[in-house]
*Asks:* 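What follows is a structure written as structure tokens; I'll ask about it next.
Naming convention: chains lettered A, B, ... in sequence-line order (proteins, then strands); numbering from 1 in each chain.
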2 protein chains.
Amino acid sequence: MPLFMSKYTNKVDRKGRVSVPAQFRAALPAGFQKSIVMYQAVNQEAIECCDLLHIEKVNDSLEGFDPLSDEQHEFSLALMSGLVELTFDGNGRIIIPQELMEYAGITEYATFAGKGKTFQIWEPEAFQHELNKARDKVKEKRAMLRFRQNNENGGKGD
Amino acid sequence: MPLFMSKYTNKVDRKGRVSVPAQFRAALPAGFQKSIVMYQAVNQEAIECCDLLHIEKVNDSLEGFDPLSDEQHEFSLALMSGLVELTFDGNGRIIIPQELMEYAGITEYATFAGKGKTFQIWEPEAFQHELNKARDKVKEKRAMLRFRQNNENGGKGD
DNA sequence: TAATATCCCATGATATTCCATTTATAGAAT
DNA sequence: ATTCTATAAATGGAATATCATGGGATATTA
């Protein structure tokens, strides 16, 4: 299972093109390496990205609810209508739509940050701030994570 | 399960390459011997290293959180974006990213120190200092342990 | 026919691969 | 123990490949 990890900061050229880090392209599932899907991150001024397979799975799980409640209809509409699929050019670059660029405040450089099954694109300084914030919170709650891990592995006695 | 133990100091050549000790490479789990994953150690000026399998487990446990919660997003971003996966060249060497080299203060030589399930990479002198500190703490604790044992047996006069 | 997007190729920087040499390690023989 | 020998590991450098980036040319479309 390939994961998106690390962070890379790439230049947005004057035509609006950015290279998606080769590592991230390589981490896309087989058969889904031609494009990525992106949308506005919730509660963060960043662009959330994943592969098309991931979206298909999310959609399947939404349709699993039968019948769909009004809420679920609204939710899936809001989610799916906000998605953009971008295919790479021959050199692994994409052109991020203006709306998303503005949402994330990206101009000259874009920071690609791994999140496991997804990754995000940030304006570099904004990312640094977010990272500091997030790290503080992680330090606070690290104990909780350790507790869960120990429970999964260690508690398996019987 | 093989463990990372002992310590080795290797040279960083002018291209930034360092050999990962053969013993450490051999201790990587089967199927995960092509690379290691590293990140800034918390509360220490050192690089923390483990195998990719270890990371996949951590990521799985992260996904255990509510996928829509702010917490889950912050955790994954903070942890995963800070990771770097490095694959070995034909001779078992890696190139440590500049940012991590600077964080640990490594220039000419790097000390690999086993920690059991993980290992660390230090600037040699910094490691020596850390080791002295750690040994002092062990002494303290051992004294405390002896004290307890004596207290438990003590009344019985063996 | 502007304006925009796509394709193609060039380039410098960096990373990877490959091979040669040196150094360290382990075991056998003295 | 000490020396010798065979093997493995670490180190160095040159050749090669990959990647991010830039720009021109071609296609699309409004």
Side-chain angles (χ1 to χ4, degrees), chain A residues 2 4-28 33-38 47 49 84-102 106-114 119-124 127, chain B residues 2 4-28 33-38 47 49 52 81 83-102 106-114 119 121-124 127:
Chain A
F4 300 110
M5 54 177 99
S6 303
K7 68 178 216 292
Y8 307 86
T9 297
N10 289 342
K11 195 167 196 309
V12 180
D13 72 15
R14 75 173 100 170
K15 291 171 157 181
R17 298 175 299 188
V18 222
S19 288
V20 174
Q23 301 276 12
F24 284 9
R25 277 180 273 141
L28 293 167
Q33 306 208 325
K34 295 185 299 297
S35 70
I36 53 174
V37 175
M38 54 177 64
I47 304 168
C49 307
V84 193
E85 183 183 3
L86 298 176
T87 55
F88 303 118
D89 73 9
N91 297 315
R93 288 176 292 194
I94 54 173
I95 296 179
I96 302 172
Q98 201 52 39
E99 190 183 348
L100 287 173
M101 290 286 275
E102 282 167 12
I106 297 169
T107 55
E108 299 240 344
Y109 289 90
T111 295
F112 294 74
F119 64 92
Q120 294 184 329
I121 310 178
W122 289 78
E123 191 284 322
F127 175 70
Chain B
F4 301 110
M5 50 181 135
S6 177
K7 73 179 213 295
Y8 308 86
T9 296
N10 289 342
K11 193 168 195 311
V12 180
D13 73 16
R14 76 171 99 169
K15 291 162 108 181
R17 298 176 298 190
V18 221
S19 288
V20 174
Q23 283 81 352
F24 285 9
R25 278 180 273 142
L28 293 167
Q33 305 209 325
K34 295 185 299 298
S35 70
I36 53 174
V37 175
M38 53 177 64
I47 303 169
C49 306
L52 186 56
S81 75
L83 304 181
V84 194
E85 182 182 3
L86 299 176
T87 54
F88 303 117
D89 73 10
N91 298 317
R93 288 176 293 193
I94 54 172
I95 296 179
I96 302 172
Q98 200 53 38
E99 192 181 347
L100 287 173
M101 291 286 275
E102 283 167 13
I106 297 169
T107 55
E108 301 246 331
Y109 289 88
T111 295
F112 294 75
F119 63 92
I121 310 178
W122 288 78
E123 192 284 323
F127 176 69

*Asks:* Where the side chain of B/Arg17 is concerned, which of D/dT21, C/dT17, D/dA10 is the nearest nucleotide?
*Replies:*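 Closest nucleotide to the B/Arg17 side chain: C/dT17.
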*Asks:* Would you say the base of D/dG24 and the side-chain of A/Lys15 have a donor-acceptor pair closer than 3.5 Å?
*Replies:*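 Per atom types, the contact qualifies.
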*Asks:* Taking atom C1' of C/dT6 as reference, at what distance in whole Å does atom NZ of A/Lys34 sit?
*Replies:*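 My rounded result for the distance is 17 Å.
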*Asks:* Has the side chain of A/Asn10 got a donor or acceptor atom that lies under 3.5 Å from a matching backbone atom of A/Ser19?
*Replies:* yes
*Asks:* Hey, does B/Arg14 reach any base, or is it just sugar-phosphate, or nothing, if we go heavy atoms under 4.0 Å?
*Replies:*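 Contact class for B/Arg14: sugar-phosphate only.
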*Asks:* Distance check needed: C/dT17 P versus B/Phe88 CZ, whole Å only.
*Replies:* 13 Å
*Asks:* Rounded to whole Å, how long is the line connecting atom OH of A/Tyr8 with atom C1' of C/dA13?
*Replies:*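 After rounding, the gap between these two atoms is 17 Å.
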*Asks:* Does B/Val20 reach a base, just sugar-phosphate, or nothing at all? Heavy atoms under 4.0 Å.
*Replies:*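 Sugar-phosphate, no base atom in range.
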*Asks:* Round to a whole Å and report the spacing from NZ of A/Lys11 to P of C/dT11.
*Replies:*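 Roughly 20 Å, once rounded to whole Å.
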*Asks:* Just how far, in rounded Å, is C1' of C/dA15 from CG of B/Asp13?
*Replies:*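 Rounded to the whole Å, the gap is 13 Å.
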*Asks:* Could you tell me the separation between the CZ atom of B/Arg93 and the P atom of C/dC19, rounded to a whole number of Å?
*Replies:*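 Computing the B/Arg93:CZ to C/dC19:P distance gives 14 Å.
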*Asks:* Name the nucleic acid region contacted by A/Asp89, choosing base, sugar-phosphate or nothing; use a 4.0 angstrom heavy-atom cut-off, strictly under.
*Replies:* nothing
*Asks:* Just by distance, do the side chain of B/Asp13 and the backbone of B/Lys15 share a donor-acceptor pair under 3.5 Å?
*Replies:* yes
*Asks:* Start with the C-alpha gap between A/Tyr8 and A/Phe112, add the side-chain angles, then the distance that decides, and say whether ring pair (Phe, Tyr, Trp, His ring centres under 6.0 Å) holds.
*Replies:* CA-CA 5 Å; A/Tyr8 307 86; A/Phe112 294 74; 8.1 Å; no
*Asks:* Rounded to the Å, how far apart are B/Ile96 CD1 and C/dT14 C1'?
*Replies:*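 It is 17 Å, rounded to the nearest whole Å.
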*Asks:* Within the structure, does a side-chain N or O atom of B/Arg25 lie under 4.0 Å from either OP1 or OP2 of D/dA10?
*Replies:*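 Answer yes for this pair, as a side-chain N or O of B/Arg25 is under 4.0 Å from OP1 or OP2.
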*Asks:* Taking the minimum atom-to-atom distance to the side chain of B/Asn91, which one of D/dA20, C/dC19, C/dT6 wins?
*Replies:* C/dC19
*Asks:* Looking at A/Thr111 and A/Glu123, would you say the former's side chain and the latter's main chain have a donor-acceptor pair under 3.5 Å?
*Replies:* no
*Asks:* Quickly work out the A/Ile95 CD1 to C/dA3 C1' distance and round it to whole Å.
*Replies:*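 The distance from CD1 of A/Ile95 to C1' of C/dA3 comes to 13 Å, rounded to the nearest Å.
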